[in-house]
S.K.: 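Before I ask anything, here is the structure I am working with.
We number each residue from 1, following the sequence as shown. Counting starts at 1 for both ligands and their atoms, in listed order. Heavy atoms only: backbone and side chains are in, while hydrogens, waters and symmetry mates are out. Every value quoted in this text rests on a predicted model; they were computed, and no experiment measured them.
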Amino acid sequence: MSTVILDGKATAKAIRRELKKEISTLDYTPTLAVILVGKDPASTVYVSSKEKACKWAGLKSINHHLDASTDSETLRNLIIKLNNDPTVDGILLQLPLPSHMDEESLLMEIIPEKDVDGFHPVNQGKVLLGATKGLIPCTPYGIIELLQRYDINPSGKEAVIVGRSSIVGRPIAALLISLNATVTVCHTKTKDLKFHVSRADLLVIAAGRRNIVDSSWIKKDAVVIDVGIHRLDDGTLTGDIEFDQAHALASAITPVPGGIGPMTIAMLLKNTVLAAKLRRSN
Ligand code: NAD
């Protein structure tokens with residue numbers, strides 16, 4: 001059986017095209033406020049990709065690029081202003097914030113209705129309680145959407161997730177439970193990572209560390225989702241696992257780049273359109 005490449009780039013493009021069509025039928029323009037504090041190079045690239053994607057699909061993005069020395073109160077006041085602005089449907093606070101700011105409390109300032117990243121405890125809580133629709137955190141949402149578009153049903157599968165972050169590991173675990181997978185979450189204190197990885201039918205790696213999962217551990221015909229992104233010294237991007245050997249064993253696998261990264265951006269747009277529609281239906 002030849003291995004299917006789960007093409008996040010093409011799938012994200014298809015989603016953006018669908019959104020563009022949908023937006024063209026609305027009598028308003030869904031609007032995303034993007035806040036970037038400082039000039040972290042990776043964040044600047046992410047923000048610019050998100051802004052470009054918005055423009056392409058017909059969403060309006062309003063950019064708030066603040067100096068790295070901005071104090072927390074100024075940022076908090078901006079978020080409150082955007083919360084109260086009826087023309088703004090979604091608010092994106094690009095992470096990481098400078099070290100003098102408390103990310104968690106500032107993220108929580110965004111009202112759940114405009115939390116298009118899906119990070120607010122209300123939106124995360126809904127996912128934990130079984131929601132698979134709504135303002136779902138974008139990266140896990142992108143994983144689920146990609147699986148669905150390739151007709152990969154997690155039901156009954158042994159799903160193993162490496163990583164327990166609040167933006168990837170935990171919400172993808174909750175979503176996969178809701179989709180009837182049997183889920184194991186591995187983390188830095190997991191005793192025998194190889195044991196867990198080698199029995200996964202569906203493996204999601206979001207450790208942010210290269211090669212802690214050895215590709216040779218992958219079960220034959222497993223579906224492999226590599227969330228990690230690393231820039232090598234020569235400038236190329238790579239994921240958490242060594243691709244070639246994983247590809248040889250897997251039935252389906254995401255590439256890096258071109259896998260979960262573009263899907264994450266597409267789901268941000270999808271969430272913004274959803275937030276715009278929900279706000280107007282209330
Ligand atoms: P994080 O650092 O918050 O969490 C990493 C998790 O991996 C932790 O829960 C930790 O317990 C686990 N881990 C680390 N080392 C481990 C080890 N040796 N054994 C077992 N578990 C281990 O990271 P994150 O924010 O979840 O991101 C993970 C990766 O995904 C990063 O490379 C990040 O850049 C990438 N990412 C990509 C996208 C995207 O759009 N493609 C989105 C978010 C994150």
S.K.: Counting heavy atoms only, which part of Val227 comes closer than 4.0 Å to ligand 1: side chain, backbone, both or neither?
M.R.: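 It is both parts that get close, each with some atom under 4.0 Å.
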S.K.: Which is it for Thr184 and Arg199 under the side-chain hydrogen bond (donor to acceptor under 3.5 Å, both in side chains) test, yes or no, and what are the steps along the way?
M.R.: CA-CA 10 Å; Thr184 302; Arg199 57 182 187 77; 3.0 Å; yes
S.K.: Would you say Gly169 contacts ligand 1, with heavy atoms under 4.0 Å as the rule?
M.R.: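 Under 4.0 Å: no for Gly169.
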S.K.: Among all the protein's non-hydrogen atoms, which is closest to atom 31 (C) of ligand 1, and how far away is it?
M.R.: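 In this structure, atom 31 (C) of ligand 1 has Gly208 CA, 3.5 Å as its nearest protein heavy atom.
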S.K.: For atom 20 (C) of ligand 1, state which one of His187, Arg210, Met263, Met267 supplies the nearest heavy atom.
M.R.: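 Answer by nearest heavy atom: His187.
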S.K.: For Gly228, counting its heavy atoms only, list the atoms of ligand 1 lying under 4.0 Å from any of them.
M.R.: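 Here the atoms of ligand 1 in question are 29 (C), 30 (O), 32 (O), 35 (C).
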S.K.: Return yes or no for this condition: an N or O of Asp240 is under 3.5 Å from an N or O of ligand 1.
M.R.: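 N/O-N/O distance under 3.5 Å: no.
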S.K.: Just checking Lys20: does its NZ atom have more than 12 heavy atoms from other residues, nucleotides or ligands closer to it than 6.0 angstrom?
M.R.: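 Counting neighbours around NZ of Lys20, more than 12 heavy atoms of other residues, nucleotides or ligands fall under 6.0 Å, so yes.
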S.K.: Of the protein's non-hydrogen atoms, which lies at the shortest distance from atom 24 (P) of ligand 1, and what is that distance?
M.R.: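 Its nearest protein heavy-atom neighbour is Ser165 OG, 3.7 Å.
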S.K.: List the closest protein heavy-atom neighbour of atom 18 (N) of ligand 1: residue, atom name, distance to the nearest 0.1 Å.
M.R.: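 For atom 18 (N) of ligand 1, the nearest protein heavy atom is Ile212 CD1, 3.5 Å.
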S.K.: Show the numbers, then the answer: is there a side chain to side chain contact (heavy atoms under 4.5 Å, CB included) between Cys186 and Val160?
M.R.: CA-CA 7 Å; Cys186 302; Val160 174; 3.9 Å; yes
S.K.: Under the salt bridge (Lys or Arg N to Asp or Glu O under 4.0 Å) rule, what pairs show up with a residue in residues 71-95, not counting sequence neighbours?
M.R.: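 Sorted result for residues 71-95: Glu73-Arg76, Arg76-Glu109, Asp89-Arg279, Asp89-Arg280.
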S.K.: What protein heavy atom sits nearest atom 33 (C) of ligand 1, and how far away is it?
M.R.: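 Going by distance alone, atom 33 (C) of ligand 1 is nearest to Ile229 N, 4.4 Å.
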S.K.: For Arg209, which part has a heavy atom under 4.0 Å from ligand 1: side chain, backbone, both, or neither?
M.R.: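 Within the 4.0 Å criterion, Arg209 contacts ligand 1 through side-chain atoms alone.
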S.K.: Is there side-chain contact between His64 and Leu82, with at least one heavy-atom pair below 4.5 Å?
M.R.: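 A side-chain contact under 4.5 Å exists here.
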S.K.: Kindly compute the distance separating NZ (Lys157) from CG (Asn153), expressed to the nearest 0.5 Å.
M.R.: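 Those atoms lie 6.5 Å apart.
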S.K.: When you compare the side chains of Thr87 and Thr31, does any donor N or O come within less than 3.5 Å of an acceptor on the partner?
M.R.: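 There is no such pair between these side chains.
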S.K.: Around atom 42 (C) of ligand 1, find the nearest protein heavy atom and jot down its residue, atom name and distance.
M.R.: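 Ranked first by proximity to atom 42 (C) of ligand 1 is Thr139 OG1, 3.2 Å.
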S.K.: Within a strict 4.5 Å, meaning less than it, do heavy atoms of the Ile111 and Val122 side chains meet?
M.R.: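 No, side chains not in contact.
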S.K.: Pick, from Gly261, Pro257, Ala206, the option with the minimum heavy-atom distance to atom 28 (C) of ligand 1.
M.R.: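 Among Gly261, Pro257, Ala206, the closest heavy atom to atom 28 (C) of ligand 1 belongs to Ala206.
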S.K.: Using a strict cut-off of 4.0 Å, indicate which atoms of ligand 1 neighbour a heavy atom of Gly163.
M.R.: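 Here the atoms of ligand 1 in question are 6 (C), 7 (O), 9 (O), 12 (C).
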S.K.: Does CG belonging to Asp233 count more than 12 external heavy atoms closer than 6.0 Å?
M.R.: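 Atom CG in Asp233 is not crowded, with 12 or fewer foreign heavy atoms closer than 6.0 Å.
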S.K.: Does the side chain of Ile23 come within less than 4.5 Å of Pro30's, by heavy atoms?
M.R.: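 Sidechains of Ile23 and Pro30: in contact.
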S.K.: N/O to N/O below 3.5 Å, does that happen between Thr188 and ligand 1?
M.R.: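 Thr188 vs ligand 1: N/O contact under 3.5 Å present.
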S.K.: Number the atoms of ligand 1 from 1 as they appear, then name those within less than 4.0 Å of a heavy atom of Val168, with their elements.
M.R.: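 Atoms satisfying the 4.0 Å criterion: 26 (O), 43 (C).
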S.K.: Just to be sure I read this right, does ligand 1 sit under 4.0 Å from the backbone of Thr264, its side chain, both, or neither, counting only heavy atoms?
M.R.: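 Only the side chain of Thr264 comes within reach of ligand 1.
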S.K.: Walk me through whether Glu22 and Arg16 qualify under salt bridge (Lys or Arg N to Asp or Glu O under 4.0 Å).
M.R.: CA-CA 10 Å; Glu22 184 179 355; Arg16 287 200 305 273; over 6 Å; no
S.K.: Run the contact test for Thr190 against ligand 1 with a 4.0 Å cut-off on heavy atoms, strictly below, and give the result.
M.R.: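 For ligand 1, residue contact (heavy atoms, under 4.0 Å) with Thr190 is absent.
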S.K.: With a 4.5 Å cut-off on side-chain heavy atoms, are Val227 and Thr254 touching?
M.R.: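 No. Closest side-chain heavy atoms not under 4.5 Å.
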S.K.: For atom 8 (C) of ligand 1, what's the nearest protein heavy-atom neighbour? Residue, atom name and distance, please.
M.R.: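 Nearest protein contact, heavy atoms only, for atom 8 (C) of ligand 1 is Arg164 N, 3.8 Å.
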S.K.: Using heavy-atom distances, let me know which of Ala207, Gly239, Pro96 sits nearest atom 5 (C) of ligand 1.
M.R.: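 Considering heavy atoms of Ala207, Gly239, Pro96, the nearest to atom 5 (C) of ligand 1 sits in Ala207.
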S.K.: List ligand 1 atoms under 4.0 Å from Ile167, heavy atoms only on the residue side.
M.R.: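 Those of ligand 1 that fall under 4.0 Å from Ile167 are 25 (O).
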